[in-house]
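Reviewing the structure listed below.
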2 protein chains.
Amino acid sequence: MEEQKKIFIEKIGVKTENHGHSPLAGRIIGTLLLADPSYMTFEELCDYLSASKSSISTNLKLLMSESIAMVEYFTLPGDRKRYFRISVQGWQSHLDKIPDEFEYGNQLLTDIIQYRIENHLDENFTKELKEIVSFYRFIIAKLPLLKEEWEQLKLKNNI
Amino acid sequence: MEEQKKIFIEKIGVKTENHGHSPLAGRIIGTLLLADPSYMTFEELCDYLSASKSSISTNLKLLMSESIAMVEYFTLPGDRKRYFRISVQGWQSHLDKIPDEFEYGNQLLTDIIQYRIENHLDENFTKELKEIVSFYRFIIAKLPLLKEEWEQLKLKNNI
DNA sequence: CTTTTGGTTCGAAAATGTCAGAACTAAAAG
DNA sequence: CTTTTAGTTCTGACATTTTCGAACCAAAAG
């Protein structure tokens, strides 16, 4: 069982690594996703992952940074420890940022097209690029509407 | 102008690196996106990027691989050279694979939820995870429909 | 059959990333 | 004021990735 869990954590870790994080960062995410209770202290993370304080500190700092925001911590009165957990809100807001992500890549493609037009480069290829951009734009415009639609759906069914 | 172009290529390159490729792979993509004509020979790439034949070869191989398919080449009769270019089709099919990408991450989250239920872990957190998954599922289901909608739109307006 | 062209493949070197240990700090406890 | 706790920061070692140069190969040219 415990062994099973560790293998599972590694798997989650690899997935997270694919998104550009270090192996340890991935393991922290995996560990917190399977934790019970759903939060852990700094020390527990060190022990459980057999990692040094410095590595845990560095990686937690990264995972809690503004731009990533996958982990957060809370404190308890009269207790010096920090309790780290997955930030569900961070995860959600990460979802909300997907359109921006698309948008950035798309802006770059748009600039490329602009450059190609200004410099009279091979029009046929430019046109093909335009088509890709227009699809992206379409998706980007639709995503917030989907989110909206989902909120409505949730309101009707669940709560 | 030429200098401007190089800076631009680096910028495209960084964006591509963020998707998990090497700097040189990113530069190749950038170079081909701004190329005129829209294809280049192996030698031209080596010269333009001041990179070794081996590096260009390795990276082109990667970029042309089944799973990435961002670059392709064509040949001309009576000409031994290969002409490398951006694969618009590969790019398109990459777009088509976005739902699968989402799906994989989502499957992992689903497994995590399953584990948490089976082992009676902190239900509140499990419930929050469920909500994220259900939103993902919703999006995944909708994306192909959006693609469809876009195709229709294109048919009406353009061609 | 030899040379040239257009690459590929195989180590090794250089650049980067990851992690641990030790020294440090700020706040609380004694 | 000293000690302990809960981390942080810095430095260097180790691992991985990226790139290069040299040797190699297959096909075409001479």
Side-chain angles (χ1 to χ4, degrees), chain A residues 6 9-10 12-32 39-68 70-85, chain B residues 6 9-10 12-32 39-68 70-85:
Chain A
K6 296 230 172 187
I9 288 173
E10 289 304 315
I12 301 165
V14 169
K15 176 66 188 169
T16 311
E17 276 182 69
N18 290 342
H19 280 278
H21 300 299
S22 73
L24 186 54
R27 277 181 214 119
I28 291 173
I29 295 291
T31 304
L32 291 177
Y39 45 82
M40 285 172 81
T41 66
F42 187 90
E43 210 189 350
E44 284 170 342
L45 281 169
C46 289
D47 289 353
Y48 190 75
L49 293 171
S50 322
S52 69
K53 288 204 292 172
S54 63
S55 303
I56 295 290
S57 175
T58 308
N59 281 282
L60 277 179
K61 190 178 160 191
L62 179 79
L63 290 170
M64 293 191 300
S65 70
E66 186 89 22
S67 59
I68 298 180
M70 294 177 93
V71 173
E72 64 186 358
Y73 72 84
F74 62 92
T75 50
L76 296 175
D79 184 351
R80 276 211 269 164
K81 282 175 179 143
R82 288 172 192 177
Y83 295 87
F84 297 92
R85 66 178 167 196
Chain B
K6 296 231 172 185
I9 288 174
E10 291 302 315
I12 302 165
V14 169
K15 176 68 188 168
T16 311
E17 276 181 71
N18 290 342
H19 280 282
H21 300 299
S22 73
L24 186 55
R27 278 182 212 118
I28 290 173
I29 295 292
T31 304
L32 292 177
Y39 45 83
M40 287 173 80
T41 65
F42 187 90
E43 210 190 348
E44 285 170 342
L45 280 170
C46 289
D47 290 354
Y48 189 74
L49 294 171
S50 323
S52 68
K53 289 204 292 174
S54 63
S55 302
I56 295 290
S57 175
T58 308
N59 280 282
L60 277 178
K61 191 177 158 191
L62 180 79
L63 290 170
M64 293 192 299
S65 70
E66 186 87 23
S67 57
I68 298 179
M70 293 176 94
V71 172
E72 63 186 0
Y73 71 85
F74 62 92
T75 50
L76 296 173
D79 183 351
R80 275 211 272 164
K81 283 174 178 144
R82 289 171 192 178
Y83 296 87
F84 298 92
R85 65 178 168 196

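Every chain is numbered from 1, with letters handed out A, B, ... down the list of sequences.
- Considering all non-hydrogen atoms of both residues, A/K6 and A/Y48 come closest at NZ-O, 3.5 Å.
- In this structure, A/T16 OG1 and A/H19 NE2 are separated by 7.5 Å, a value rounded to the nearest 0.5 Å.
- Separating the CE atom of A/M40 from the C1' atom of D/dG7 is a distance of 16 Å, rounded to the nearest angstrom.
- Two residues are said to be in side-chain contact when any heavy atoms from C-beta on lie closer than 4.5 Å; A/I28 and A/H21 fail this criterion.
- With sequence neighbours left out, B/E17 forms a salt bridge (charged side-chain N to carboxylate O under 4.0 Å, His left out) with no residue at all.
- B/E10 is linked by a side chain to side chain donor-acceptor pair (under 3.5 Å) to B/R27, counting only residues two or more places apart in sequence or in another chain.
- Residues passing the ring pair (Phe, Tyr, Trp, His ring centres under 6.0 Å) test with B/Y39 are B/F74, B/Y83, sequence neighbours excluded.
- From B/F84, atom CZ reaches atom CG of B/L45 across 7.5 Å, with rounding to the nearest 0.5 Å.
- Annotation: the span from B/T31 atom OG1 to B/L49 atom CG amounts to 4.0 Å, rounded to 0.5 Å.
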N/O to N/O distances under 3.5 Å, protein versus nucleotides 12-14 of chain C:
none

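- B/R85 has its side chain within reach of B/E72: a pair of non-hydrogen atoms, C-beta onward, lies under 4.5 Å apart.
- What separates CZ of A/F42 from C1' of D/dT9 is a distance of 12 Å, to the nearest Å.
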- Intermediate values then yes/no, side-chain contact (heavy atoms from CB on, under 4.5 Å), B/K81 and B/T75: CA-CA 7 Å; B/K81 283 174 178 144; B/T75 50; over 6 Å; no
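- Remark: P of D/dT17 and CD of B/E17 are 15 Å apart, rounded to the nearest angstrom.
- B/S67 is linked by a side chain to side chain contact (heavy atoms under 4.5 Å, CB included) to B/S65, counting only residues two or more places apart in sequence or in another chain.
- For the pair B/N18 CG and C/dT16 C1', the interatomic distance rounds to 15 Å; values are reported in whole Å.
- Atoms CG (A/L45) and P (C/dC19) sit 14 Å apart, rounded to a whole Å.
- Annotation: the terminal axes of the helix from C/dC1-D/dG30 to C/dG30-D/dC1 meet at 10°, where each axis is the rotation carrying the C1' atoms of four end pairs onto the next four (5 pairs per end, rounded to 10°).
- Listed in residue order, the members of residues 20-31 of chain A having a heavy atom less than 4.0 Å from DNA chain C are A/S22, A/P23, A/L24.
- When side chains are defined from C-beta on, B/I29 counts as touching B/M70, because their heavy atoms get closer than 4.5 Å.
- Of the residues in residues 49-63 of chain B, those with a non-hydrogen atom less than 4.0 angstrom from any atom of DNA chain C are B/K53, B/S54, B/S57, B/K61.
- B/R82 is linked by a side chain to side chain donor-acceptor pair (under 3.5 Å) to nothing, counting only residues two or more places apart in sequence or in another chain.
- A heavy atom closer than 4.0 Å to some atom of DNA chain C occurs in B/R80, B/K81, B/R82, these being the qualifying members of residues 72-83 of chain B.
- For A/Y73, the side chain to side chain donor-acceptor pair (under 3.5 Å) criterion is met by no residue, not counting sequence neighbours.
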Show every donor-acceptor pair shorter than 3.5 Å between a side-chain atom in residues 55-64 of chain A and any protein atom, with sequence neighbours excluded, or say none if there are none.
from	atom 1	to	atom 2	distance (Å)
A/S55	OG	A/S52	OG	2.9
A/T58	OG1	A/S54	O	2.8
A/N59	OD1	A/S22	OG	2.8
A/N59	ND2	A/S55	O	2.9

